[in-house]
Participant: 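Please read through the structure below; I'll follow up with questions.
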Amino acid sequence: MTEQTPPSLLEVDGLTVQVATPAGAQTVVDGLSFRLARGKTLCIAGESGSGKSMTALSLMQLLPKPTARVTAGTARLAGRDILALPEAEMRRVRGRHIGMIFQEPMTSLNPVLSIGRQLGDAIIAHGAGSEKETRRRALELLDQVQIPEPERRLSQYPHELSGGMRQRVVIAMALAQNPEILIADEPTTALDVTVQAQILALIRKLQADRGISVILITHDMGVVAEMADDVLVMQHGRMVERSPVDVIFSAPREEYTRRLLAAVPRLGEMKGTLQPKRVLARPAEACPARQEDGPLVEVENLTVRFDIKGGILQRAVRRVHAVEGIYFTIRRGETLSLVGESGCGKSTTGKALLNLIPWQGNIRVAGRSTKGLRPTAMRPILRDVQMIFQDPYASLDPRMRVGDLVAEPLVIHGLAKGSELTDRVAYLFRRVGLSPEQMRRYPHEFSGGQRQRICIARALSLSPKLIVADESVAALDVSIQAQVLDLLQDIQDETGISYLFISHDMAVVEQISHRVAVMYMGRFVEMGTRAQIFENPQHPYTRKLMQAVPVADPSRPRRAFVEKAEDLPSPIHPLGYVPPRQEARDIGGGHLVWETLRA
């Protein structure tokens with residue numbers, strides 16, 4: 001007996017969206033058609049700029065007007081074309097029939113309103129209710145999205161919650177009016193793998209409990225395999241391919257789909273190898289990490305704590321224990337990766353290496369101590385240590401041309417001027433795969449991947465010995481991510497540069513690392529070679545991180561929902577708090593596992 005196809009809840013035909021530009025109208029969604037079945041999940045996948053988010057905003061009538069507008073097409077929900085509805089009627093559709101989860105929860109929540117107030121506004125948006133009933137419903141929603149201590153959360157503000165908690169609050173707001181359709185626009189891109197797994201499992205559970213349909217927008221093919229019933233692949237505003245999820249992964253018809261799948265880093269694909277992916281073909285003696293003895297970076301007992309002040313006199317009342325007594329070295333030509341969830345101290349460690357924050361302990365770079373150095377005394381050391389930040393757009397001054405941004409370190413250190421400066425900047429642009437003709441453009445004229453290349457060129461301008469790459473590929477599409485990782489490894493092969501690579505993406509870390517240190521609550525819990533960590537993980541937290549990575553294989557059983565999601569304990573403690581002691585145990589070959597010693 002043939003299984004019947006569920007009836008369509010939403011029917012989109014010929015959707016076309018245009019955006020006004022100085023060069024004229026540009027089509028960003030071109031004749032898109034699809035069906036969303038009741039109770040099913042449709043994943044819309046593709047790279048940035050493919051039209052995924054513009055499609056979602058069109059369906060919600062949230063396009064930025066008058067810059068962008070729907071010029072053709074229909075979207076029928078229960079027989080009504082929601083694209084043609086006037087704003088007054090569309091307000092009744094939003095929330096009640098279609099709910100939406102945006103990518104960045106912090107921008108979706110008002111920072112000056114409590115969680116209870118914002119949830120209450122979402123609950124009463126389509127009709128008044130008593131204060132008591134609104135509060136009861138808000139608590140019910142927080143409980144449904146598995147937020148612990150919902151009573152306390154109602155009085156808190158967004159900045160007091162973790163990223164995963166904030167995303168669950170946004171999901172609760174989207175569900176407040178019991179919609180039939182939930183649109184989730186990159187809801188897990190900015191989240192750690194463990195929190196991402198919780199959010200995806202939560203969406204599946206809510207879908208099963210309520211029978212809602214889901215449109216999930218993502219560029220992560222692992223998430224697609226984990227969530228989708230059907231997949232729609234987009235490129236340059238057009239639909240490239242639409243098929244059931246198992247067909248997309250097992251027998252993709254289009255070359256673009258095959259390229260997307262090929263670019264996905266897969267955890268475990270380097271099993272049995274000793275070197276990062278790009279240097280596998282090189283003999284072991286050619287690896288720059290083995291050419292010189294002696295570490296480039298030595299870190300001893302690094303501790304970073306921040307005081308929280310309060311009261312009338314603004315005295316310290318509590319303390320954030322961000323990093324607690326860690327030790328590590330980085331050899332010349334080596335990539336050491338720091339992995340762990342947000343708040344574990346990875347980025348804080350990277351900033352301490354550049355003296356961007358106050359710290360205690362000892363740090364030596366190329367034999368020189370950086371302890372207590374003023375900015376002017378740090379300048380020679382900063383020629384050897386540069387940083388690539390996570391968000392390339394926030395790292396680049398929007399008022400400066402990108403050529404001037406790359407030239408700026410050379411000017412500050414007095415290393416070049418005039419035609420020599422121009423030639424060196426042009427060389428750096430070519431080195432990172434950009435054209436010297438692009439030097440006169442501004443940051444907003446580049447894609448995310450191109451902006452990250454500009455940041456890499458700027459970091460390379462001083463020929464440093466170490467680059468701290470802080471989540472430098474986290475927000476990039478898989479294909480752009482692969483290009484940037486290849487570029488970093490090419491540069492390392494040629495120059496012998498070292499990297500401190502900070503990431504929560506275990507599959508990416510496996511591809512690029514010589515050694516890996518796993519951080520939890522400001523401390524190392526495990527450290528070893530890439531093979532030791534990924535092929536023989538010893539600490540339960542390391543295994544938990546690996547198990548949370550979404551696998552780009554829809555034939556694998558989907559992970560069960562965890563009834564009570566875990567969040568990292570708070571690193572904030574009372575003054576005078578003494579952290580428990582740790583002891584490192586070498587299980588062989590320099591593979592270290594830390595154990596906490598109880599009092």
Side-chain angles (χ1 to χ4, degrees), residues 162-164 188-198 220 222 265-271 276-277 297 299 302 322-324 326-330 334-353 387-390 467-476 481 484-485 488-489 498-551 566-568 571 582 584 590-594:
S162 67
T188 62
T189 295
L191 301 179
D192 302 319
V193 287
T194 50
V195 180
Q196 173 181 266
Q198 295 169 13
D220 188 330
R266 288 173 168 80
L267 193 66
E269 68 177 347
M270 298 196 52
K271 187 174 181 179
K277 192 172 184 180
V297 177
V299 175
L302 177 62
V323 178
E324 281 295 332
I326 61 174
Y327 293 75
F328 65 90
T329 61
I330 303 175
E334 177 184 49
T335 298
L336 172 67
S337 290
L338 299 185
V339 299
E341 296 171 282
S342 294
C344 72
K346 306 186 303 294
S347 295
T348 302
T349 300
K351 290 174 183 176
L353 287 185
M387 193 162 189
I388 304 170
F389 293 94
Q390 177 174 354
I467 286 181
V468 179
D470 186 7
E471 299 280 10
S472 54
V473 297
L476 302 180
Q481 180 186 87
V484 172
L485 291 175
L488 291 174
Q489 290 177 303
S498 301
Y499 295 124
L500 179 64
F501 191 81
I502 296 168
S503 179
H504 62 256
D505 191 327
M506 300 297 283
V508 168
V509 166
E510 183 185 24
Q511 289 194 1
I512 199 170
S513 307
H514 294 96
R515 288 190 301 136
V516 181
V518 182
M519 291 191 74
Y520 177 77
M521 294 302 296
R523 292 178 157 187
F524 288 168
V525 296
E526 190 166 359
M527 179 189 284
T529 65
R530 185 211 57 75
Q532 288 169 343
I533 296 297
F534 284 90
E535 297 175 28
N536 187 29
Q538 294 295 304
H539 197 278
Y541 180 68
T542 307
R543 293 194 288 267
K544 175 186 171 184
L545 284 179
M546 293 186 186
Q547 290 165 0
V549 177
V551 179
E566 284 186 52
D567 279 282
L568 284 175
Q582 279 189 313
H591 187 177
L592 301 177
V593 180
W594 277 262

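The structure displayed is predicted, hence computed values, not measured ones. Note that these values count all heavy atoms, side chains included, but never hydrogens, waters or copies made by symmetry.
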Participant: Can you confirm whether Ile533 sits close enough to Met546 that some side-chain heavy atom of one is under 4.5 Å from a side-chain heavy atom of the other?
Facilitator: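 Heavy-atom side-chain distance check passes, below 4.5 Å.
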
Participant: Between atom CZ of Phe389 and atom NZ of Lys351, what is the distance when rounded to the nearest 0.5 Å?
Facilitator: 7.0 Å

Participant: Between Arg515 (side chain) and Glu334 (backbone), is there a donor-acceptor pair under 3.5 Å?
Facilitator: no

Participant: If every non-hydrogen atom of Met519 is compared with every non-hydrogen atom of Cys344, which pair is closest and at what distance?
Facilitator: CE-O, 3.5 Å

Participant: Search all heavy atoms of Ser337 against all heavy atoms of Ile512 and return the closest pair with its distance.
Facilitator: OG-CG2, 4.2 Å

Participant: Can you list everything that forms a side chain to side chain donor-acceptor pair (under 3.5 Å) with His539? Sequence neighbours excluded, please.
Facilitator: none

Participant: Looking only at heavy atoms, what is the nearest atom pair of Ile326 and Val299, with distance?
Facilitator: O-CG1, 3.9 Å

Participant: Can you confirm whether Phe501 sits close enough to Ser472 that some side-chain heavy atom of one is under 4.5 Å from a side-chain heavy atom of the other?
Facilitator: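 A side-chain contact exists here, since the closest heavy-atom pair is under 4.5 Å.
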
Participant: Can you tell me how far the CD1 atom of Ile388 sits from the CG atom of Leu488, to the nearest 0.5 Å?
Facilitator: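 Between atom CD1 of Ile388 and atom CG of Leu488 there are 5.5 Å.
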
Participant: Indicate the atoms forming the closest heavy-atom contact of Ile502 with Gly350, along with that distance.
Facilitator: CD1-CA, 4.1 Å

Participant: Between Lys346 and Glu341, does a salt bridge (Lys or Arg N to Asp or Glu O under 4.0 Å) hold up when you go through it step by step?
Facilitator: CA-CA 9 Å; Lys346 306 186 303 294; Glu341 296 171 282; over 6 Å; no

Participant: Looking at every non-hydrogen atom in both residues, tell me the closest pair between Gln196 and Asp220 and how far apart they are.
Facilitator: OE1-OD2, 4.1 Å

Participant: If you round to the nearest 0.5 Å, how far is CD of Glu535 from OG1 of Thr529?
Facilitator: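 It is 8.0 Å, given to the nearest 0.5 Å.
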
Participant: Quick one: list whatever passes side chain to side chain donor-acceptor pair (under 3.5 Å) with Asp470, sequence neighbours left out.
Facilitator: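 Partners of Asp470 under the side chain to side chain donor-acceptor pair (under 3.5 Å) test: Ser347.
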
Participant: For His591 and Asn536, which heavy atoms make the closest approach, and how far apart are they?
Facilitator: CE1-O, 3.3 Å

Participant: Tell me if a side-chain donor or acceptor on Arg543 pairs with a main-chain N or O of Pro537 at a distance below 3.5 Å.
Facilitator: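 Yes, because the side chain of Arg543 sits within donor-acceptor range (under 3.5 Å) of the backbone of Pro537.
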
Participant: Tell me, with the steps shown, if Phe524 and Gln582 meet side chain to side chain contact (heavy atoms under 4.5 Å, CB included).
Facilitator: CA-CA 9 Å; Phe524 288 168; Gln582 279 189 313; 5.9 Å; no

Participant: Enter the distance from Thr335:OG1 to Leu500:CG here, rounded to the nearest 0.5 Å.
Facilitator: 9.5 Å

Participant: What distance do Arg530 atom CZ and Leu336 atom CG have between them, rounded to the nearest 0.5 Å?
Facilitator: 14.5 Å

Participant: Is there a donor-acceptor contact under 3.5 Å from the side chain of Glu526 to the main chain of Tyr541?
Facilitator: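 No.
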
Participant: Quick one: are Met527 and Phe328 in side-chain contact, heavy atoms under 4.5 Å?
Facilitator: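 With C-beta onward as the side chain, the pair touches.
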
